[in-house]
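Worth knowing before you read on, the calculation uses all heavy atoms, side chains too, and leaves out hydrogens, waters and symmetry mates. Quick note: residue numbers are just sequence positions, from 1.
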Amino acid sequence: RAEVRRLLDLRRRVVVPLLGSGFRGGTFEVRPGGVLAVTWRFAAGHLRLVLNTGEGTCPLDEGGETVWSSATDPRRLTPWSASFTREIAS
């Protein structure tokens with residue numbers, strides 16, 4: 001229950017302001033080892049999801065501010081872990 005509240009607060013603080021700034025498109029990239037990276041671009045910045053569906057650990061160096069992660073190490077994603085990062089437009 002506490003995690004759901006935390007995620008709803010995160011959506012309110014991080015995602016909603018980006019949505020309100022205007023959607024500018026999105027891209028995805030399938031990387032070696034079962035890694036998927038999705039980027040949503042907005043006028044106020046962008047939000048990126050990196051998901052490791054592979055069997056090995058992969059480096060995580062996306063830049064920006066990590067706003068949520070299931071990974072225990074901020075520098076790498078273990079199998080079946082994910083990370084959301086945000087970058088604010090300058």
Side-chain angles (χ1 to χ4, degrees):
R1 203 171 220 182
E3 180 68 5
V4 171
R5 284 191 191 121
R6 191 173 78 77
L7 291 172
L8 289 171
D9 180 61
L10 182 70
R11 181 184 71 174
R12 180 185 54 77
R13 289 182 300 103
V14 174
V15 177
V16 171
L18 288 173
L19 289 171
S21 75
F23 182 63
R24 303 283 192 232
T27 58
F28 73 93
E29 176 185 5
V30 179
R31 298 177 182 172
V35 176
L36 174 65
V38 182
T39 302
W40 296 272
R41 293 185 314 280
F42 302 89
H46 71 261
L47 187 64
R48 179 174 293 127
L49 165 68
V50 180
L51 171 65
N52 182 3
T53 65
E55 296 179 10
T57 299
C58 70
L60 182 62
D61 185 21
E62 300 302 314
E65 170 195 7
T66 300
V67 294
W68 180 87
S69 182
S70 64
T72 55
D73 183 341
R75 297 165 300 174
R76 52 185 60 94
L77 288 177
T78 55
W80 294 102
S81 63
S83 178
F84 274 98
T85 58
R86 168 182 69 170
E87 285 194 33
I88 302 299
S90 51

Checklist entry - In Å and rounded to the nearest 0.5 Å, what is the CZ to CZ distance from R48 to R86? => result 14.0 Å
Next on the checklist: Please list all pairs meeting salt bridge (charged side-chain N to carboxylate O under 4.0 Å, His left out) that have one or both residues in residues 7-20, counting only residues at least two apart or in different chains.
Outcome noted: D9-R12, D9-R13
Next on the checklist: Test: ring pair (Phe, Tyr, Trp, His ring centres under 6.0 Å). Region: residues 17-43. Which pairs qualify, not counting sequence neighbours?
Outcome noted: F23-F42
Checklist entry - Which value, rounded to the nearest 0.5 Å, describes the distance between R76 atom CZ and T57 atom OG1? => result 7.5 Å
Checklist entry - Can you hop from V38 to W68 via hydrophobic side chains spaced under 4.5 Å? => result yes
Next on the checklist: Has S69 got a side-chain atom pairing as donor or acceptor with S83's backbone, closer than 3.5 angstrom?
Outcome noted: no
Next on the checklist: I'd like to know whether CD of E55 has more than 12 heavy-atom contacts from other residues, nucleotides or ligands below 6.0 angstrom.
Outcome noted: no
Checklist entry - Between L47 and L36, is there a shared hydrophobic cluster once you connect ILVMFWY residues whose side-chain heavy atoms come closer than 4.5 Å? => result yes
Checklist entry - Can you list every salt bridge (charged side-chain N to carboxylate O under 4.0 Å, His left out) pair that touches residues 32-41, not counting sequence neighbours? => result none
Checklist entry - How many angstroms lie between CD in E29 and OG1 in T39, if you round to the nearest 0.5 Å? => result 8.0 Å
Checklist entry - What distance separates T66 OG1 from L60 CG, expressed to the nearest 0.5 Å? => result 6.5 Å
Next on the checklist: Are I88 and L10 linked, directly or through intermediate hydrophobic residues, by side-chain heavy-atom contacts shorter than 4.5 Å (ILVMFWY only)?
Outcome noted: no
Checklist outcome for this item: Closest heavy-atom pair, L77 versus A71, reported as atoms and distance to 0.1 Å, is CD2-CB, 3.6 Å
Checklist entry - How far apart are the closest heavy atoms of G33 and N52, and which atoms are they? => result O-OD1, 3.9 Å
Item to check | Shortest non-hydrogen separation from A89 to A43 and the atoms involved | outcome: CB-O, 3.5 Å
Item to check | Joint hydrophobic cluster, V16 plus V67, side-chain heavy atoms closer than 4.5 Å | outcome: no
Next on the checklist: With clusters defined by side-chain heavy atoms of hydrophobic residues (ILVMFWY) lying less than 4.5 Å apart, directly or transitively, does V15 cluster with L8?
Outcome noted: no
Item to check | Heavy-atom donor-acceptor pair, S70 side chain to A82 backbone, under 3.5 Å | outcome: yes
Checklist entry - If you look at every heavy atom in C58 and V35, which pair is closest and at what distance? => result SG-CG2, 3.6 Å
